Amino acid sequence: MGAGGWRWNDAWIFVSAVIAARLERDRALHAALPVTGASLADVLAAADFLHHSVPSRAELEESVRRLAGADLITVDDDLVEVAPAGEQLWRSRPFSGLSSAVVTMQTQLNRASRPGDDGWTLSEVTYQAAVREYALRLADGR
């Protein structure tokens, strides 16, 4: 049956990455710009929207490692993209609305695959820069 091993934080970060990537894609397409992926600040913003908190550096790093290691997302520098397998998983989930998307996605993750570990690391400097960028957006009302 299911592969198991996924944590709530993994699902939270995955749903946040999906939301952030889709918003970034829509913004880029609307402005006729190339689609480059969502920044870590975008992922933090989506995580805060979903759970009214910003993940710690350790939470973010661990979940991204597990998700990227399972080929559900890709990370290049501080840009996050949902990989084809992640898109398929997202599209195949039972629709439940955003209020229960994280719990629904954790179930889907546990049915679909095992977490991986791609060795990605998030430096404190990069994490703090993303937190500052997100804080500036909040202050600007964006």
Side-chain angles (χ1 to χ4, degrees), residues 3-142:
W6 292 98
R7 301 178 185 128
W8 186 91
N9 279 354
D10 300 328
W12 176 36
I13 299 305
F14 180 73
V15 173
S16 299
V18 169
I19 291 169
R22 287 174 181 241
L23 288 172
E24 177 56 27
R25 183 192 65 218
D26 290 349
R27 184 198 66 78
L29 291 174
H30 181 72
L33 296 170
V35 178
T36 60
S39 70
L40 289 176
D42 296 330
V43 175
L44 295 179
D48 191 19
F49 171 78
L50 285 171
H51 189 54
H52 305 293
S53 67
V54 173
S56 69
R57 188 198 63 75
E59 289 172 323
L60 185 61
E61 180 181 73
E62 181 178 10
S63 291
V64 167
R65 286 175 83 147
R66 293 163 59 86
L67 292 161
D71 296 323
L72 298 173
I73 64 171
T74 61
V75 184
D76 187 15
D77 292 326
D78 71 340
L79 295 178
V80 178
E81 293 186 68
V82 180
E87 283 290 340
Q88 179 60 35
L89 182 65
W90 178 255
R91 285 194 306 273
S92 67
R93 81 196 185 289
F95 183 75
S96 60
L98 283 179
S99 63
S100 59
V102 175
V103 172
T104 300
M105 189 48 57
Q106 184 181 6
T107 300
Q108 289 299 103
L109 284 165
N110 279 312
R111 288 182 182 153
S113 64
R114 292 194 185 280
D117 185 350
D118 78 337
W120 181 76
T121 59
L122 176 58
S123 73
E124 187 65 31
V125 170
T126 302
Y127 175 75
Q128 290 301 325
V131 169
R132 277 191 306 279
E133 182 181 334
Y134 174 50
L136 286 172
R137 291 180 192 179
L138 285 176
D140 289 344
R142 296 185 277 152

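Please read all numbers here as calculations on a predicted model, not as lab measurements.
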Practice item. Go through Ile73 and Phe14 one step at a time and tell me if the side-chain contact (heavy atoms from CB on, under 4.5 Å) criterion holds. Key: CA-CA 8 Å; Ile73 64 171; Phe14 180 73; 4.1 Å; yes
Study note, to complete from the structure: Applied to residues 51-77, the ring pair (Phe, Tyr, Trp, His ring centres under 6.0 Å) test, sequence neighbours excluded, yields Trp8-His51, Trp12-His51
Practice item. Start with the C-alpha distance between Val64 and Leu60, add both sets of side-chain angles, then the distance that settles side-chain contact (heavy atoms from CB on, under 4.5 Å), and finish with yes or no. Key: CA-CA 6 Å; Val64 167; Leu60 185 61; 4.0 Å; yes
Check your understanding: Any sub-3.5 Å donor-acceptor pair from Glu59's side-chain atoms to Ser56's backbone N or O?
Key -> yes
**Study point:** Trp6 vs Ser113, side-chain contact (heavy atoms from CB on, under 4.5 Å): CA-CA, chis, key distance, verdict
**Key:** CA-CA 9 Å; Trp6 292 98; Ser113 64; 3.7 Å; yes
Check your understanding: Below 4.0 angstrom, N of the basic side chain to O of the carboxylate: do Arg65 and Asp118 qualify?
Key -> no
Exercise for review: Please name the pair of heavy atoms, one in Pro55 and one in Tyr127, separated by the smallest distance, quoted to 0.1 Å.
Suggested key: O-OH, 2.5 Å
Exercise for review: Can you sort out the partners of Ser123 under side-chain hydrogen bond (donor to acceptor under 3.5 Å, both in side chains), two or more places apart, ordered by chain and number?
Suggested key: Thr126
Review point. Backbone N or O of Val103 within a donor-acceptor pair of the Ser100 side chain at under 3.5 Å?
Key: no
Check your understanding: If you round to the nearest 0.5 Å, how far is OG1 of Thr74 from CD of Glu81?
Key -> 4.5 Å
Study note, to complete from the structure: Nearest heavy-atom approach of Pro115 to Gly5 is CG-O, 3.5 Å
Exercise for review: For Ala11, check side chain to side chain contact (heavy atoms under 4.5 Å, CB included) against everything at least two apart and list the hits.
Suggested key: Val102, Met105, Gln106, Leu109
Check your understanding: How close do Ser16 and Ala46 get, heavy atom to heavy atom, and via which atoms?
Key -> O-CB, 3.4 Å
Check your understanding: Between the side chains of Ser39 and Asp42, is a donor N or O closer than 3.5 angstrom to an acceptor N or O?
Key -> yes
Check your understanding: With sequence neighbours excluded, what pairs up with Asp71 under the side-chain hydrogen bond (donor to acceptor under 3.5 Å, both in side chains) test?
Key -> none
Check your understanding: Do you see a donor-acceptor pair shorter than 3.5 Å between the side chains of Ser63 and Asn9?
Key -> no
Point to revise | For Ala130 against Leu40, the heavy-atom pair lying closest together | key: CB-CB, 3.8 Å
Review point. Counting N and O atoms only, with roles assigned by atom type, does the side chain of Glu61 sit under 3.5 Å from a partner on the main chain of Leu122, one being a donor and the other an acceptor?
Key: yes
Check your understanding: So, does Asp77 use its side chain to make a donor-acceptor pair with the main chain of Leu79 at under 3.5 Å?
Key -> no
**Study point:** Intermediate values then yes/no, side-chain contact (heavy atoms from CB on, under 4.5 Å), Leu67 and Ile13
**Key:** CA-CA 9 Å; Leu67 292 161; Ile13 299 305; 4.1 Å; yes
**Study point:** Partners passing salt bridge (Lys or Arg N to Asp or Glu O under 4.0 Å) against Arg27 (at least two apart in sequence or in another chain)
**Key:** Glu24
Point to revise | Ala41 versus Glu133, closest heavy-atom pair with distance | key: CB-CD, 3.6 Å
**Study point:** Main-chain N/O of Ile19 paired to Arg22 side chain as donor or acceptor, under 3.5 Å
**Key:** no
Review point. Could you give the distance from CZ (Arg137) to CG (Asp48), rounded to the nearest 0.5 Å?
Key: 12.0 Å
Review point. Partners of Glu62 by side chain to side chain contact (heavy atoms under 4.5 Å, CB included), sequence neighbours excluded?
Key: Arg7, Arg66
